[in-house]
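As a basis for the values below, the full set of heavy atoms in this structure was taken, side chains included, without hydrogen atoms, waters or symmetry mates. Note that ligands are numbered from 1 as they come in the structure, with each ligand's atoms numbered from 1 the same way.
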Amino acid sequence: MADLVISGLRKKFGTLQALDDMSFTVKSGEIFGFVGSNGAGKTTTMRIALGVLAADAGEVTFDGEKLDLAGRRHVGYMPEERGLYPKMKVGDQLIYLARLHGMSADEAQASMEHWTERLNIAARRDDDVQKLSLGNQQRVQLAAALVHDPKLLILDEPFSGLDPVAVEVMSSVLRDRADAGVPVIFSSHQLDLVERLCDRVGIVRNGLMVACGTIDELRRTPRTDIDVTVAGDSTGSWADGLEGQHGIKREGQHGDTTRLSINTDDAAARATIVSAASATGRLTQLTDRRRSLSELFQHVVSAEEPETEEQTDAKEATA
Ligand SMILES: Nc1ncnc2c1ncn2[C@@H]1O[C@H](COP(=O)(O)OP(=O)(O)OP(=O)(O)O)[C@@H](O)[C@H]1O
């Protein structure tokens, strides 16, 4: 299996620990969404995978082999700082990049024609890159990542700044590549898009992968949100102090009907909620809420920082 495996990457910039034991796998044929707050360590991870930056520790393998210079010829990379030659024509530039990666002149020409057509920029082949709109430059940048028929795709925020049509074109290209067996990893802050497109998602915080899996796996957190609507109660206070609840949000009120969202980690809480609600008024709705990726993200990223050993020691010393 041609999987990309990132194991135990560590990277310090001065005193800043940008990556702290970053580990995850992107499987052959899947689209992996790499998300996290600004500065969480996504670009640093991708740069190390590509070899533009050296790690302090850890390794990156592809298809079971350490990803070295030879292996990197088979990677399609879209850097965060876009890297095209502004004064070169789109077609010439793509052919040049394909040739650099070892394609023959005929293969490079055919591949350039294929990708410029697929990405709807065929009419711009003879334009200098600098004359294109930013969105079209981004399409060329994706074509540059694809033109040498890579076996692995690493894309840093490929969707930022694209119009909805371009988003659809890029999404379908990534899905096709994944269907052809290519592992695809991309970073993004567009969580709706990540949720729609990705087979698996990794959420990074402070240089560490803190949650990783399919959206459904990520939803199976120990806690659930239960939406409850009760008629005959205009306060919603019936739920205050219920056993097993970790937070109550008032979602709405209409006349004497109140809707609450109760966050709970207790399997028995549902029964407690039903009996407390029924004792207050008429229970008209009770559903487990499916959290969006955006809600999961907020939950994971804003979770309390685990204490460091030093902090625990300091607390114990002052106790
Ligand atoms: N060359 C560098 N020198 C010093 N610090 C750096 C360097 N590159 C990155 N950093 C720092 O490392 C941390 C991780 O940065 P990184 O660019 O990997 O985050 P990111 O998750 O890609 O963020 P964003 O979503 O904003 O693009 C940040 O605090 C950043 O300021």
Side-chain angles (χ1 to χ4, degrees), residues 4-26 30-62 67 72 75-84 134-135 137-138 141-142 144-145 152-162 166-167 170-171 174 183-198 200-213 215 218 292-306 308:
L4 170 72
V5 181
I6 309 271
S7 333
L9 290 188
R10 300 178 71 82
K11 178 73 186 173
K12 243 182 176 180
F13 293 110
T15 56
L16 176 86
Q17 192 75 52
L19 295 186
D20 186 7
D21 198 15
M22 172 71 75
S23 302
F24 61 97
T25 296
V26 184
E30 80 174 358
I31 304 184
F32 185 92
F34 201 26
V35 305
S37 311
N38 291 131
K42 304 176 294 295
T43 296
T44 305
T45 305
M46 291 193 270
R47 283 189 180 146
I48 291 174
L50 201 81
V52 208
L53 195 66
D56 299 334
E59 66 168 18
V60 178
T61 63
F62 177 58
L67 196 48
R72 288 185 184 116
V75 182
Y77 179 53
M78 189 162 166
E80 190 179 36
E81 64 301 334
R82 310 305 186 204
L84 297 166
L134 279 181
Q137 287 190 25
Q138 205 148 323
Q141 192 83 58
L142 181 66
L152 166 65
L153 273 176
I154 301 177
L155 312 168
D156 203 346
E157 301 198 25
F159 290 98
S160 69
L162 290 185
V167 165
M170 192 160 309
S171 302
L174 299 192
V184 179
I185 173 171
F186 74 89
S187 63
S188 178
H189 295 290
Q190 291 158 265
L191 299 183
D192 293 351
L193 179 64
V194 171
E195 181 166 1
R196 186 157 55 82
L197 187 59
C198 293
R200 286 192 314 130
V201 176
I203 304 179
V204 192
R205 190 181 68 186
N206 296 344
L208 186 68
M209 184 63 79
V210 285
C212 187
I215 299 280
L218 296 182
S292 65
L293 177 60
S294 180
E295 286 173 300
L296 291 166
F297 179 85
Q298 300 289 346
H299 178 75
V300 170
V301 167
S302 64
E304 263 179 43
E305 295 282 328
T308 62

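- Interface atoms of ligand 1 facing N38, defined by a heavy-atom separation under 4.0 Å, are 23 (O), 24 (P), 25 (O), 26 (O).
- Among all non-hydrogen protein atoms, the one lying nearest atom 27 (O) of ligand 1 is E80 OE2, 3.0 Å.
- The shortest N or O to N or O distance between R47 and ligand 1 is not below 3.5 Å.
- In terms of protein heavy-atom proximity, atom 16 (P) of ligand 1 is nearest to T44 OG1, 3.6 Å.
- Atom numbering of ligand 1 starts at 1 in the shown order; those under 4.0 Å from a heavy atom of H189 are 25 (O).
- For atom 9 (C) of ligand 1, the nearest non-hydrogen atom of the protein is F13 CE1, 3.4 Å.
- Between S294 and L191, the shortest heavy-atom contact is CA-CD1, 3.7 Å.
- When all heavy atoms of P79 and Q141 are compared, the pair lying nearest together is CD-NE2, 3.9 Å.
- Between F32 and F24, the ring planes lie parallel to each other; the angle is under 30°, not in the 30° to 60° tilted range.
- Judged by distance alone, the side chain of K42 and the main-chain N or O of V35 form no donor-acceptor pair under 3.5 Å.
- Nearest heavy atoms, L155 versus A145: CD2-CB, 4.3 Å.
- Using a 4.0 Å cut-off to heavy atoms of E157, the atoms of ligand 1 that qualify are 25 (O), 27 (O).
- Contact annotation: for L16 versus ligand 1, heavy atoms closer than 4.0 Å belong to the side chain alone.
- Close N/O approach between G41 and ligand 1 is found [any backbone or side-chain N/O within under 3.5 Å].
- Taking each heavy atom of L50 and R72 in turn, the nearest pair found is O-CD, 2.7 Å.
- Distances between N or O atoms of T45 and those of ligand 1 include no value under 3.5 Å.
- With hydrogens and angles ignored, the 3.5 Å screen pairs no side-chain donor or acceptor of R205 with any backbone N or O of G36.
- Taking a 4.0 Å cut-off on heavy atoms, M46 fails to register as neighbouring ligand 1.
- Not a single protein heavy atom sits closer than 4.0 Å to atom 31 (O) of ligand 1.
- Closest approach of F186 to I31, counting heavy atoms only: CE2-CG2, 3.6 Å.
- Taking distance alone, with nitrogen or oxygen atoms compared against 3.5 Å, G39 approaches ligand 1 more closely than that limit.
- Nearest protein heavy-atom neighbour of atom 17 (O) of ligand 1: T43 CB, 3.5 Å.
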Go through the steps to decide whether R10 and D20 satisfy the test salt bridge (Lys or Arg N to Asp or Glu O under 4.0 Å), and finish with yes or no. CA-CA 5 Å; R10 300 178 71 82; D20 186 7; 2.9 Å; yes
